[in-house]
Amino acid sequence: MDIKKHIRDIADFPKPGIVFKDITPLMLDADLMNATVAQLIALIPADVKIDKVVAMESRGFFFGTLLAQKLNAGFVPARKKGKLPFETCGAVYALEYGTDEIEIHTDAIKPGENVLIHDDVLATGGTAKAVTEIVNKLGGNIVQCQFLMQLDFLKGEEKVKPHHVKAILHY
């Protein structure tokens, strides 16, 4: 199935000059969603057990929870500052259109657990870098950072090094 043709571009959202990659058309078809999850799972090294899937608010949650279920792993939401009710560990990051802070519960990842970090898109790499910093602080072993799509021209992968980055789609 051609996933790429089910992602639409929205010009000047959330601000002028940004081309937003809208994944909601992709999620309207159950077969397409299942095919997408299968492709995301195929990116993961087959010989590694994933203990936790960490996904970023909010669009990373869509496929992050499905991945966790298929991998028989726990799901860890990485949310914007102030959204989680328990003790958190956080990091500040830059977006292509501003800055923000992201947090994870301090008890979400145990030292040594194998962690898959997932989000819908890798753009500038700020969010992914912040999440890798948090997972490292909590003692998790980052297996890889994976994305539905990667905007190669923004060079976000450079910020996430030395962690492995994989994506289904490249723009």
### Query
So, is the end of the Lys4 side chain (NZ or CZ) under 6.0 Å from the ring centre of Tyr171 and within 45° of the ring's axis?
yes
### Task
Decide if atom NZ of Lys155 counts as having more than 12 heavy atoms of other residues, nucleotides or ligands within a radius under 6.0 Å.
no
### Query
Does Glu113 use its side chain to pair, donor to acceptor, with the backbone of Lys110 at less than 3.5 Å?
yes
### Message
Is it the case that over 12 heavy atoms from other parts of the model lie below 6.0 angstrom from the NZ atom of Lys49?
### Response
yes
### Summary
Rounding to 0.5 Å, atoms CG (Leu32) and NZ (Lys5) come to a distance of 9.5 Å
### Task
Give a yes or no on whether Gln69 atom CD has more than 12 heavy-atom contacts from other residues, nucleotides or ligands under 6.0 Å away.
no
### Message
Using the rule that Ile, Leu, Val, Met, Phe, Trp and Tyr join whenever any side-chain heavy atoms are under 4.5 Å apart, tell me whether Phe75 and Met33 fall into a single cluster.
### Response
no
#### Entry: Between NE2 on residue His6 and CG on residue Asp29, distance to nearest 0.5 Å
7.0 Å
### Neighbour count >12 (heavy atoms, 6.0 Å) for atom NE2, His170
yes
### Task
Could you point out which residue of Ile117, Leu67, Ile41 forms a side-chain contact (heavy atoms from CB on, under 4.5 Å) with Gln146?
Leu67
### Asp9 with Lys21: basic N within carboxylate O range, under 4.0 Å
yes
### Summary
Between Ala128 and Leu122 the two heavy atoms that sit nearest each other are CB-CD1, 4.2 Å
### Query
Can you tell me how far CG of Leu66 sits from NE2 of His118, rounded to the nearest 0.5 angstrom?
9.0 Å
### Message
Between Glu133 and Lys137 (salt bridge meaning N to carboxylate O under 4.0 Å), is one present in this structure?
### Response
no
### Query
Atom SG of Cys89 and atom CG of Asn136: how far apart are they, to the nearest 0.5 Å?
10.0 Å
#### Entry: Result of checking Asn114, Val76, Val143, Leu116 against Lys52 for side-chain contact (heavy atoms from CB on, under 4.5 Å)
Val76
### Main-chain N/O of Leu148 paired with Asp120 side-chain donor or acceptor, under 3.5 Å
no
### Query
To the nearest 0.5 Å, how far apart are CE in Met56 and OG1 in Thr127?
6.0 Å
### Query
Can you tell if the side chain of Ile23 reaches within under 4.5 Å of the side chain of Val121, non-hydrogen atoms only?
no
### Summary
When every non-hydrogen atom of Leu151 is compared with those of Ala123, the smallest separation belongs to CD1-CB, 4.0 Å
### Query
Got a salt bridge between Lys80 and Glu57, using NZ or NE/NH1/NH2 to carboxylate O under 4.0 Å?
no
### Backbone of Phe86 reached by a side-chain donor or acceptor of His105 within 3.5 Å
yes
#### Entry: Close side-chain approach of Leu138 and Val135, heavy atoms under 4.5 Å
no
### Task
Heavy atoms only: give me the nearest Gly74-Ala68 pair and the separation to one decimal.
O-CB, 3.9 Å
### Summary
Shortest non-hydrogen pair, Leu84 vs Glu103, comes out as CD1-O, 3.4 Å
### Summary
To the nearest 0.5 Å, atom SG of Cys145 lies from atom NZ of Lys166 at 12.0 Å
